[in-house]
K.L.:
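Here you go, one structure.
Naming: A, B, ... by sequence-line order, numbering from 1 per chain.
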Number of protein chains: 2
Amino acid sequence: MTDTNQPANDKYSLRSVGRALDVLVALGRDNAKGMTVAEIAEAIGVSKSTAFSLLQTLIAHGFVADSRIGGSRQYRLGTVLIHLGDQAASNIAISQTAMPVLHQLMEATGMTARLAILDEGYAVAIARVDAPGIFKLAPSLGRRELPHCSAVGKSLLAHIPQERVATLLSRIGLPRRTDRTITEPAKLIEDLALIAWRGYSVDDEEDNIGVLCVGAAIYERGGEAIAALSVTTLKLERGDIELAKLGATVRAHADRISQMIGGPTHAALKQGGGSR
Amino acid sequence: MTDTNQPANDKYSLRSVGRALDVLVALGRDNAKGMTVAEIAEAIGVSKSTAFSLLQTLIAHGFVADSRIGGSRQYRLGTVLIHLGDQAASNIAISQTAMPVLHQLMEATGMTARLAILDEGYAVAIARVDAPGIFKLAPSLGRRELPHCSAVGKSLLAHIPQERVATLLSRIGLPRRTDRTITEPAKLIEDLALIAWRGYSVDDEEDNIGVLCVGAAIYERGGEAIAALSVTTLKLERGDIELAKLGATVRAHADRISQMIGGPTHAALKQGGGSR
DNA sequence: TCTAGTTGTTCTGTTATACAGAACTTCATT
DNA sequence: AATGAAGTTCTGTATAACAGAACAACTAGA
């Protein structure tokens, strides 16, 4: 499915290290129930003894936790990763300042609010505040999401140079997720222009059926979009949604964060600097 | 300072893998500003070229992100770690159920609420809800904390067999953190007995000067303590704290979680099952 | 209780790999 | 320009990582 077996992507890649990281990724996929040595060996394509050595090393450093259940062992992600993940998230300076605004946005809209950045062309959520209610968004912090069919992704794409957009899209493509997904580059470019103009993006069932997201970009001092804010809701839970009003709300909150870090609001950016 | 250079803790440890993990840990320490190749090489005790190879591998897998600033590069933790950390945390089943109660506890007390488990004898926070206010607790999710001088740690120690406590303490020791830290095993055992009896623990400046924590254990079906809840506050911010009342509040919230997962309340446990 | 079939763990020889150091390349600063 | 300090590439060699097989621990079935 995923291209796990990259044949030495870079020539300075260390095989055993790469395999150890593969183990972590594999455990991240099947984290719920834990995995056995044999399953891990199978998953990353090495012998049992090699998988065993990798696991021993990972355990010794706290990256993997093991629990014996009878004769068999279950391996799962260790707590050190919680720490590193927390550090990596707080690393991204914006998440500190944005957190209170995320709360406000959630309370203003009653929807789950998320903060995301662009990482290697993908949209990656780095913080979230859940709306109250039965339906919770799956735990998806830090996961790479397709940029062309998510509100945060489109808001970020709308504010970077066209040629970079083209490069990213040619690399990632525009995979179809639902029958509303924009799969034509020209159509997407059109949508991005609209987003850049009005200051908010809409993902209406383009990524997941029944799910609506509205996003807006956050600008740093230079006017570049470095992050995006979004709200997510199940359309079932909301009768009629006034998109223009919701868009303005999200944009206003994004503007607030932009100003906190010394950047321009969307309106100011449209007035002054070129879109470049 | 820390024992990073463990000389092949287990004999099945892979050197390059261990070094790669050391890189991640090192980046986790100095995450704010990022590190250069030379700094990393220095930190983990390898040559520049080796550090370079390790970093290339980590980057190829998204575990490390790099940003060039002029001729120099800054390496920092990558977003994949945010994902793995999120998975590792949600792995621990309790964190799902406990989250709403953490919110309630924070609102009931106005203090930062945390959920922690025992990992290799150390207390490790896996979730938290911050209190509003200027002073925020440092981002400390997933970090190993000394069990003998934290509220969550003591609550957990109070409900495991004495011999295991002895084993853990002999391994970890009772390092002094402040002049109120309990450093005598006998004194700690005494405190643990009290905690088991009344159902809540108090850390009054035993770990950090000026900081007060109150914790209570969460019990699973079998009656074993699998996690602990706590509130943390700066004593400066609160005039007088009624410990008995606060302790009862924390205990009540912990009991609620215990019941949600089919376990006994503290009162029920004291009545029925032996302390074993 | 014995047997068969799991699992995880240890051992071993060989190959390929990870390593340090030196050479080379960018940049920034004087 | 020239110096220095970073990152990057190259290369030979020691050794570490690997697969496979043997072994041990445990489970389930007869």
K.L.:
Hey, are R114(A) and E145(A) close enough for a salt bridge, meaning a charged N less than 4.0 Å from a carboxylate O?
P.N.:
yes
K.L.:
Side-chain contact test, heavy atoms from C-beta onward, threshold under 4.5 Å: evaluate it for V64(A) versus L81(A) and give yes or no.
P.N.:
no
K.L.:
Looking at residues at least two apart in the chain, or sitting in another chain, which of them share a side chain to side chain donor-acceptor pair (under 3.5 Å) with T79(B)?
P.N.:
D119(A)
K.L.:
Between N or O atoms, less than 3.5 Å apart, protein on one side and nucleotides 19-22 of chain C on the other: list the pairs.
P.N.:
residue: dC19(C); atom: OP1; partner: R19(B); partner atom: NH1; Å: 3.1
residue: dA20(C); atom: OP2; partner: S47(B); partner atom: N; Å: 3.4
residue: dA20(C); atom: OP2; partner: S47(B); partner atom: OG; Å: 2.9
residue: dA20(C); atom: OP2; partner: T50(B); partner atom: OG1; Å: 2.1
residue: dA20(C); atom: N7; partner: S49(B); partner atom: OG; Å: 2.9
residue: dG21(C); atom: O6; partner: S49(B); partner atom: OG; Å: 3.1

K.L.:
Out of curiosity, D255(A) CG to S258(A) OG, how far, rounded to the nearest 0.5 Å?
P.N.:
5.5 Å
K.L.:
State, without any angle test, whether S47(A) and T50(A) hold a side-chain donor-acceptor pair at a distance under 3.5 Å.
P.N.:
yes
K.L.:
Just the rounded figure in Å: distance from P of dT12(C) to CZ of F52(A).
P.N.:
16 Å
K.L.:
Roughly, in whole Å, what's the span from CZ in R73(A) to C1' in dT27(D)?
P.N.:
17 Å
K.L.:
Report the distance from atom CD of E39(A) to atom P of dT7(C), rounded to the nearest whole Å.
P.N.:
9 Å
K.L.:
Report the distance from atom CD of E42(A) to atom P of dT6(C), rounded to the nearest whole Å.
P.N.:
15 Å
K.L.:
Among all residues two or more places apart in sequence or in another chain, which pass the side chain to side chain donor-acceptor pair (under 3.5 Å) test with T265(B)?
P.N.:
none
K.L.:
Atom CD of Q74(A) to atom C1' of dG8(C): distance rounded to whole Å?
P.N.:
12 Å
K.L.:
For the helix from dT1(C)-dA30(D) to dT30(C)-dA1(D), figure out the bend between the end axes, five pairs an end, and round to 10 degrees.
P.N.:
40°
K.L.:
Go through the structure and list residues passing side chain to side chain donor-acceptor pair (under 3.5 Å) with T167(A), not counting sequence neighbours.
P.N.:
none
K.L.:
Output a table of donor-acceptor pairs, distance under 3.5 Å, between side-chain atoms of residues 215-230 of chain B and any protein atom two or more places apart or on a different chain; print 'none' if there are none.
P.N.:
residue: Y219(B); atom: OH; partner: H159(B); partner atom: NE2; Å: 2.9
residue: Y219(B); atom: OH; partner: H266(B); partner atom: ND1; Å: 3.1

K.L.:
dT7(C) C1' sits how many Å from M35(A) CE, rounded?
P.N.:
15 Å
K.L.:
Starting at atom CD1 of I44(A), determine the distance to atom C1' of dC18(D), rounded to an integer number of angstrom.
P.N.:
12 Å
